[in-house]
Asker: 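Once you've had a glance at the structure underneath, I'll fire off some questions.
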Amino acid sequence: MRKSVSAMAAALLACVASQAIAAERPNRQAERDLFAKIVEIPTVEGRTAEFKKLTALLTAEFRKAGITNVVVKDHDGTQTLIARWSAAKPSGKKPILLMAHMDVVEAKDSDWKNPPFKFREEGGWYLGRGANDNKAGLTGILIALQYLKAEGFQPTRDLIVLFTGDEETTGNGARRAATEWRSLIDAEYGLNSDAGGGSVYKDGRPELFAMQIAEKTYADFKLTATNRGGHSSAPRQDNAIYALSNALSALEAHRFPPMINDATRAGFSLLAEKDGGQYGELIKRYLADPTDRETADLVEANDPGSTRTRCVATMLSGGHAPNALPQKAEANVNCRIFPGVKVEEVRQQLQALAGPDVAVAAVEGSQTPETAPTPIRQDVLDAYKAAVATRFKGAPVVPYQSAGATDGAFLRANGIPVYGFGGLWGIVGEREGAHGLDERVYADGFHDQIPIWMDMLKRVAG
Ligand SMILES: [Zn+2]
């Protein structure tokens, strides 16, 4: 009897609890519907008409909310959307830029379990190409601004939205925004939803939220060995394929000098604090002397790319006939260059490794801008922590450095500081499939980002 009563009480409690959660998010269905519409527009490189559909939808959504200053730029086969919510009570402070990208990586029906551009919900996840990268963040910014407008929020500085259409490819939108359209987007700093956000354990405890402040520079190099060739029945010591393979072997053995900055130090410090085991000890040793090569090499083996510039051979071709000495052999070497190191310095080091028989040249157009880390601003970091704490009390917010590049690089290179920010969260250890198959975003994490964005904007622009 008693047992059944308590079971019933538990059932009642569960019912009350789920009602309370539902009451908290009355617009969950509407938020999901808008997100679905945005995901289902296949804004892949080259499909200009799809970008037009998306910018038309977004423009209508901004206008509906009362944000009527919306500019759509046609450029480079894509579009960039810039919207401005002017300060209601101007404080004289420069605007804040809210960033996301509209384009997504190509996805083929035949590769995916389900059609990539058909929005689906499954097991608490929202699925579709771009759901994670970066349409969740984009939709989060849009809905947060709509709600802030609706509840009568009066910003004390302009809020500018920058949604680009080619982040995954050329970055032309961000580059043009930072230069030729500068007057439309000039801001004290940017908050980039493409590079922030959190990870939460399955039991609901937050692991951390990330604030991106630095990005490695991307650059490709071509290694070319040329030779006069000849008949393969009469081999000589000089041989283009051997020359190239010796150069690649030298590269394989080479380790660039270890480096550290505010972004990587912050991440490693948190690791050292949390890991009470051997790895934690190693990290502590590394932090005590980041220039110690032996320790840094061990860290690097565990966390590739985090302690230095890395270059790796990614493509190879050579020779012209099975029975001829090769006249040419070529390799592509891809480098992810630590902030503060120039692309040309890396080329010179590669040339020294390759020796005189192999020419090393930077691949034109391959590189992203060389940028220094954005200095950590305590006010932005504190606001981020406080905004996240409205949902996850005491969650750490940790500065970090991306191994890849985002639109943020183009702004940083042109003097606008950028912080990766987001209230969006995923589950620790769960695959999200950005750029890959069956891309998805955790539904609760998607909805939670909206109040976190709202709280953040009230703090920095209220
Ligand atoms: Zn992205």
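Each ligand, and each atom within it, is numbered from 1 in the order the structure gives.
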Asker: If the Zn ion (ligand 1) is the vertex, what is the angle to OD2 of Asp194 and OD1 of Asp133, rounded to 10 degrees?
Answerer: 150°

Asker: Is Asp297 paired with Arg308 through a side-chain N to carboxylate O contact shorter than 4.0 Å?
Answerer: yes

Asker: Does Arg28 come within less than 4.0 Å of Asp444, counting only side-chain N to carboxylate O?
Answerer: yes

Asker: Between the Zn ion (ligand 1) and Glu167, is there an N, O or S atom separated by less than 2.8 Å?
Answerer: no

Asker: Are there over 12 heavy-atom neighbours, none belonging to Glu188, within less than 6.0 Å of that residue's CD?
Answerer: yes

Asker: Can you tell whether the side chains of Glu432 and Arg440 come within less than 4.0 Å, N to carboxylate O?
Answerer: no

Asker: Which N, O or S atom name in His101 marks its closest approach to the Zn ion (ligand 1)?
Answerer: NE2

